[in-house]
Student: 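The structure's right below; bear with me while I get my questions together.
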Amino acid sequence: MEADRHQESSCPASGSLLDFRSLDPYAFYAQQRRESAVTWDAGMDAWLVLSHELCTLVERDEDLFAAAYAHHDGSDEIRGRRSLLTLTGREHRRLHDFFSGALSAKAIERTCAAIRRTINAQLDQLAPLGRAELDKDFAERVPIAVIAEVLGLPATDEEALCRCREAMVVLLAWFESGGAVPELVERARSAIRTLEDVIRPVALERREQPKDDLISKLWEFGPMQYQDWDETDVVDQCKVILQAGSVTTQDLLCSLVYRVLMDDPLRERILDDTNAVPLLVEETLRRENPVQLRMRVANADTELGGKHIRGGDRLYVVNAAANRDPARYERPDELDLDRPGIYSHLAFNVGPRLCVGRWLARLEATEAVPAILARLPRLRLDPDSAPPRFQQWMFRAYRPLHVVFDA
Ligand code: HEM
């Protein structure tokens with residue numbers, strides 16, 4: 001497909017997903033899945049779960065397949081004592097339900113004007129220039145500013161946002177390493193303090209003077225649920241939301257822009273029909289899957305896909321592979337806006353860890369694509385700059401996005 005022509009060889013280099021940091025992993029996923037929906041990856045010292053059916057099963061059954069992010073070195077300080085990512089069972093459910101309500105499709109409708117403002121403020125800066133790198137100049141900036149707005153942080157304080165963006169890069173590297181690199185643990189501890197410094201003054205202020213924002217809602221919710229709820233709990237929730245929502249949405253925006261740039265008929269269709277934009281967002285989530293895989297740990301011996309899994313074994317649910325499972329999707333490698341069951345992808349997980357920010361991410365992406373095309377006329381890749389590639393590992397997107405357009 002033309003859209004993938006910038007990618008390096010996607011031939012599997014070896015038997016481990018670890019070797020695919022700079023290579024398109026989809027041929028590897030398909031090859032592994034043809035052998036078995038559950039395969040052992042010796043390089044990762046873990047099972048890879050590769051089919052739609054079994055990823056769904058593992059994600060739904062948290063009693064058997066636990067989300068074990070609390071085991072990462074540095075997790076206590078970096079995540080905090082009541083973090084959605086590390087809590088389990090009823091405690092997790094309680095916070096999850098709060099965020100699901102606070103960030104529901106209905107609740108975030110109110111942020112639409114702020115999202116448009118943020119997108120346009122960024123495009124105002126780029127429009128006169130005639131060229132940009134849309135990852136760094138747009139995709140990295142918009143999600144974090146939107147989340148700041150939702151939380152009630154100073155969304156126009158560019159200096160603070162810049163510090164947060166830098167912290168995010170370090171935290172992402174720590175997370176992808178699973179806490180296994182001591183130097184990254186130290187750097188992540190320092191990065192998290194950067195986020196805390198930005199959030200804490202606002203958290204304290206909102207306790208006294210609530211406003212219409214998520215930090216104020218956390219002050220309403222927390223003390224009703226926990227006697228010892230304090231500003232550290234509020235700060236910890238904000239840290240999770242900032243981290244979980246920024247890089248993921250950045251990656252989605254990058255892959256969307258790349259897709260539109262590489263496919264003229266697709267660009268025509270979404271320019272002609274705004275109803276097609278949300279469909280493009282869903283198909284890009286399915287096909288490029290910003291969060292390729294997530295880790296789980298088996299709590300007991302069990303069978304999965306005909307393999308014997310021992311209690312304590314690590315598993316990666318490879319949602320990106322599940323989203324191109326031919327048993328679930330016809331022509332899974334093709335982007336097809338008219339695909340039946342277009343919302344059935346696993347880009348946001350399913351089960352108890354279903355992404356609570358999915359409606360916000362969708363809204364941002366749906367607003368961003370037409371705005372970019374309208375504000376940056378004759379947008380195209382810069383033929384004189386490095387082409388985009390489907391880079392990184394657990395979190396992935398097409399980047400860099402050097403583009404030119406009519407100023
Ligand atoms: C395209 C954008 C996004 C993608 C692809 C994405 C994907 C995911 C995935 C796969 C999970 C499951 C994690 C796991 O099982 O270990 C998740 C969880 C989560 N996401 Fe997102 N996400 C996105 C945007 C957002 C945004 C914008 C926010 C916040 C505003 C957010 C907040 C969260 C939170 C708090 C969790 C943890 C939920 C829980 O454990 O209960 N995400 N996300």
Side-chain angles (χ1 to χ4, degrees), residues 49 55-56 58-62 65-72 75 79-80 82-105 107-108 111 115 118 139 142-151 153 168 175-176 178 213-214 218 236-256 281-282 284-297 314-320 322-323 345-366 368 394-397:
V49 185
C55 283
T56 304
V58 170
E59 285 163 28
R60 287 197 196 285
D61 189 350
E62 201 156 298
F65 301 107
Y69 300 117
H71 299 182
H72 290 185
S75 204
R79 295 285 180 232
R82 284 194 184 112
S83 161
L84 259 186
L85 297 183
T86 50
L87 287 176
T88 55
R90 279 187 57 232
E91 288 293 290
H92 169 260
R93 184 86 234 164
R94 191 153 38 159
L95 269 176
H96 180 94
D97 287 350
F98 163 76
F99 279 112
S100 295
L103 296 170
S104 69
I108 54 113
T111 61
I115 290 174
T118 308
V142 168
I144 205 163
V146 167
I147 294 174
E149 186 87 41
V150 170
L151 289 171
L153 299 174
M168 229 53 93
F175 186 66
E176 277 202 340
D213 57 33
L214 191 47
L218 282 163
D236 287 347
Q237 309 313 314
C238 299
K239 279 159 33 183
V240 170
I241 295 297
L242 273 168
Q243 288 175 73
S246 52
V247 176
T248 46
T249 313
Q250 174 186 352
D251 284 355
L252 174 61
L253 293 177
C254 283
S255 288
L256 273 167
V281 171
E282 293 310 311
T284 306
L285 281 161
R286 181 192 68 81
R287 193 175 179 278
E288 324 299 2
N289 215 85
V291 184
Q292 296 264 305
L293 56 151
R294 306 297 288 180
M295 194 183 74
R296 297 291 186 263
V297 174
R314 295 191 309 154
L315 304 95
Y316 281 92
V317 275
V318 189
N319 286 334
N323 280 346
H345 62 75
L346 303 182
F348 293 121
N349 263 44
V350 287
R353 306 264 157 190
L354 174 65
C355 174
V356 296
R358 62 196 183 283
W359 298 112
L360 186 62
R362 284 174 165 136
L363 184 59
E364 257 176 89
T366 307
M394 186 182 277
F395 299 87
R396 276 197 185 245

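Atoms within each ligand, like the ligands themselves, are counted from 1 in listed order. The shown structure was predicted, so the numbers you read here are calculated from the model rather than taken from an experiment.
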Student: I'd like to check which ligand 1 atoms, numbered from 1 as shown, lie under 4.0 Å from a non-hydrogen atom of L252.
Tutor: 1 (C)
Student: Testing the basics here: between I147 and L242, what is the closest heavy-atom pair and its distance to 0.1 Å?
Tutor: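 Reported closest heavy-atom pair: CG2-CD2, 3.9 Å.
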Student: Considering non-hydrogen atoms of the protein only, which is the closest contact for atom 14 (C) of ligand 1, and what is the distance?
Tutor: R294 NE, 3.2 Å
Student: Looking only at heavy atoms of A347, does any of them come nearer than 4.0 Å to an atom of ligand 1?
Tutor: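 Contact check A347 vs ligand 1: positive.
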Student: Test your reading of the structure: does T249 have an N or O sitting under 3.5 Å from an N or O of ligand 1?
Tutor: no
Student: Heavy-atom pairs closer than 4.0 Å: do any link ligand 1 to the side chain of L84, the backbone, both, or neither?
Tutor: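 Under 4.0 Å from ligand 1, L84 contributes backbone and side-chain atoms.
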Student: Find out whether V350 and R60 are in side-chain contact, i.e. whether some heavy atom of one side chain is under 4.5 Å from a heavy atom of the other.
Tutor: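 Heavy-atom side-chain distance check passes, below 4.5 Å.
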Student: Can you tell me which residue and heavy atom of the protein come closest to atom 40 (O) of ligand 1, and the distance to 0.1 Å?
Tutor: H92 NE2, 3.1 Å
Student: For ligand 1, note which part of H96 has a heavy atom under 4.0 Å away: side chain, backbone, both or neither.
Tutor: side chain
Student: Side-chain contact, heavy-atom cut-off 4.5 Å: L360 with T249?
Tutor: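 L360 does not reach T249 side chain to side chain.
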Student: State the CG-CG distance between L85 and L95, to the nearest 0.5 angstrom.
Tutor: 10.5 Å
Student: Among residues at least two apart in sequence or on other chains, which ones pass salt bridge (Lys or Arg N to Asp or Glu O under 4.0 Å) with R362?
Tutor: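 Expected list: E282.
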Student: I'd like to verify the contacts: list protein N, O or S atoms under a distance of 2.8 Å from atom 21 (Fe) of ligand 1.
Tutor: C355 SG
Student: Go through the structure and list residues passing ring pair (Phe, Tyr, Trp, His ring centres under 6.0 Å) with F175, not counting sequence neighbours.
Tutor: Y69, H72
Student: Using modelled atom types only, decide if a donor and an acceptor are shared between the side chain of N323 and the backbone of L346 within a distance under 3.5 Å.
Tutor: yes
Student: Knowing that exactly one of E59, H92, R294 qualifies, which makes a side-chain contact (heavy atoms from CB on, under 4.5 Å) with R353?
Tutor: H92
Student: Any idea which atoms of ligand 1 are less than 4.0 Å away from a heavy-atom of R296?
Tutor: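 Once the distances to R296 are compared, the set is 14 (C), 15 (O), 16 (O).
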Student: How about L218 and F98: do any of their side-chain heavy atoms sit closer than 4.5 Å?
Tutor: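 L218 vs F98: side chains touch.
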Student: List for me each residue that meets side-chain contact (heavy atoms from CB on, under 4.5 Å) alongside S255, sequence neighbours excluded, and say none if there are none.
Tutor: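 Applying side-chain contact (heavy atoms from CB on, under 4.5 Å) to S255 gives T284, E288, F390, A397, Y398.
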Student: With heavy atoms under 4.0 Å as the rule, classify the contact between L85 and ligand 1 as side chain, backbone, both or neither.
Tutor: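 Side chain only; the backbone of L85 stays clear of ligand 1.
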Student: Quick one: which ligand 1 atoms are inside 4.0 Å of a heavy atom on L360?
Tutor: 30 (C)
Student: Is there side-chain contact between Q250 and F395, with at least one heavy-atom pair below 4.5 Å?
Tutor: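 No, side chains not in contact.
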